[in-house]
Amino acid sequence: MSRSAHPAGPRYADVHTEGHYSPPPADLNTLDEKVWSRTVGRDEDGVVTVAGLPVTRLAEEFGTPAYFLDEADFRARCRAWAEAFGKDADVFYAGKAFLSRAVVHWLKEEGLNLDVCSGGELATALDAGMPPERIALHGNNKSVHEIERAVSAGVGRIVLDSFQEMVRVAHIAQSLGRVQPVQIRVTVGVEAHTHEFIATAHEDQKFGIALADGQAAEAVRRALRLDGIELVGIHSHIGSQIFDMAGFEVSARRVVELLAAVRDEHGVELPEIDLGGGLGIAYTPEDDPREPHEIAKSLTAIVTRECESAGLRTPRISVEPGRAIVGPTAFTLYEVGTIKPLEGLRTYVSVDGGMSDNIRTALYDAEYSVALVSRRSDAEPMLSRVVGKHCESGDIVVRDAFLPADLAPGDLIAVPATGAYCRSMASNYNHALRPPVVAVKDGGARVIVRRETEEDLLRLDVG
Ligand code: LLP
């Protein structure tokens, strides 16, 4: 039974079926390059380093728990995506995965665009000087204020999610004397092969306008009639953490069918198509993600082929990877506090963070790997469950993984691939203080999002 299928949500740590973890690796000291960021290694003392910095020193300087983000890796991934898609396509980094002002600077410098999905993300982007024309605004219920802010800033596109919103955006743009470029987000009836909560293109969900029953065609009809907006394309996002390109293929085909129908009905060829984000990353060595150039090649081929057979000019393609850029670039560093062996079952390893810095395990049954990073160990592998310090038995960071049997309080362990949707979904549950994000590069480390303090918490509590 899936934990998330439990009607009351996760109650006990053991509602999950047992035995679905992989066997221990031959050497627990090995750092699989699939899950660790590119500059991670071990020094001759056995201490793990990132960008040349030993984690023991980082822990002393910045404390634990903390996220360490490998800036060179982040930039390299941005470049790989931009180069893979080339100058005839656009890559929008999905800021929901992780956004900060430093990230915006990196995106600007590496030539990427930015997808924001809230007023807060828009404010961060604008504050850090992202050129507005390189920003896209998403959201299924954008407030009037958010729309006004986006239109007056001059964002490059607003992705319309509903009929009501279309009218709202058109009205606001007209009253501001603007014509706002928009795309319409359609749901293409594809359910990506991933966790139910993060698959978004099947019909029974809140996002977008269904292609089914002529809904999307009707949306296009209305959009083309409205003053204040200029319909430039169709958008589709089919889910998250997807490895199988088949879902994108069906989605692209259906979107192109709509473009052909629009041309036939209105004599208009919409110039843009956005296929969303959702490309998977390796959380454990078993995961096998595709490289950006393979993804670009296959998406471009699908769209080109479908357009050719429909007699359409190939539209400008855009994509919105979030996780695939930032996910692999960071790890979370924790200190081990207590260790509770359960004979014949597993050992519970409690760390100084938990579900407040990584909710994904509790929420989606996400899998992670973990390693002892403050030293090398040749002790036997020990089946472990890494848990946090929250008052909740579902507070699990890594459900099943092997750590060395000589693990002791005070050791540092790290969970890789926590760059996406960990800090951005972090909470103050139990009045936990959200950890800092420290960017590391070429032997230097700097805080880009500082650790929360008790003063931060109390400042919001006005008594
Ligand atoms: N574009 C749109 C319209 C989206 O809704 C999303 C993600 C993305 C792009 C970026 O998807 P990515 O490439 O990062 O997978 N909190 C969940 C993921 C929710 C994703 C929501 N939308 C998780 O932790 O897995």
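Just so you know, ligand 1 is whichever comes first in the structure, and atom 1 is the first atom listed for that ligand. Quick caveat, the model's predicted, so the values are computed rather than measured. All residue numbers refer to positions in the sequence shown, counting from 1.
Among the atoms of Gly276, none of the N or O lies under 3.5 angstrom from an N or O of ligand 1. Any N or O atom pair closer than 3.5 Å counts here, and Met425 shares no such pair with ligand 1. Geometrically, ligand 1 and Arg323 share a nitrogen or oxygen pair separated by less than 3.5 Å. Close N/O approach between Ser240 and ligand 1 is found [any backbone or side-chain N/O within under 3.5 Å]. Residue contacts with ligand 1: Arg360 is placed with a nitrogen or oxygen under 3.5 Å of a nitrogen or oxygen of the ligand (distance criterion only).
When non-hydrogen atoms are compared, ligand 1 lies under 4.0 Å from the side chain of Asp115 (C-beta onward) but not from its backbone. With a 4.0 Å cut-off on non-hydrogen atoms, Ala94 touches ligand 1 through its side chain and not its backbone. If you look at His237 next to ligand 1, the close heavy atoms, those under 4.0 Å, all belong to the side chain. When heavy-atom distances to ligand 1 are checked against a 4.0 Å cut-off, Phe207 has no atom that comes that close, whether in backbone or side chain. For Glu320, heavy-atom contacts with ligand 1 shorter than 4.0 Å involve the backbone as well as the side chain.
Distance check: Arg185 CZ to Glu165 CD gives 11.0 Å after rounding to the nearest 0.5 Å. Atom CZ of Arg134 sits about 10.0 Å away from atom CG of Asp90, to the nearest 0.5 Å.
Pairs of residues two or more places apart, or lying in two chains, never qualify as side-chain hydrogen bond (donor to acceptor under 3.5 Å, both in side chains) while including a residue from residues 287-303.
Between Asn430 and Ser356, the closest side-chain pair of non-hydrogen atoms is not below 4.5 Å. Side-chain contact between Phe62 and Leu333 is absent, with no heavy-atom pair separated by less than 4.5 Å. Using a 4.5 Å heavy-atom threshold, the side chains of Leu160 and Val169 count as touching.
Looking at Tyr93, Phe92, Tyr364 and measuring to atom 17 (C) of ligand 1, the nearest heavy atom belongs to Tyr364.
Within the 4.0 Å heavy-atom shell around ligand 1 one does not find Ala420. Proximity of Gly278 to ligand 1 is established by a heavy-atom distance of less than 4.0 Å.
In summary, Arg222 and Glu218 engage in a salt bridge, as defined by a charged side-chain N under 4.0 Å from a carboxylate O. Look at Asp274 and Arg157 and you find a salt bridge, because one of the NZ, NE, NH1 or NH2 atoms lies within 4.0 Å of a carboxylate O, short of that distance.
Applying the 4.0 Å criterion to heavy atoms of Gly322 picks out, from ligand 1, the atoms 12 (P), 13 (O), 14 (O). In summary, the atoms of ligand 1 found under 4.0 Å from a heavy atom of Gly277, numbered by their order in the structure, are 1 (N), 9 (C), 13 (O).
Ring to ring, Phe74 and Tyr93 are close: their centroids are under 6.0 angstrom apart. Aromatic ring centres of His235 and His138: separated by under 6.0 Å.
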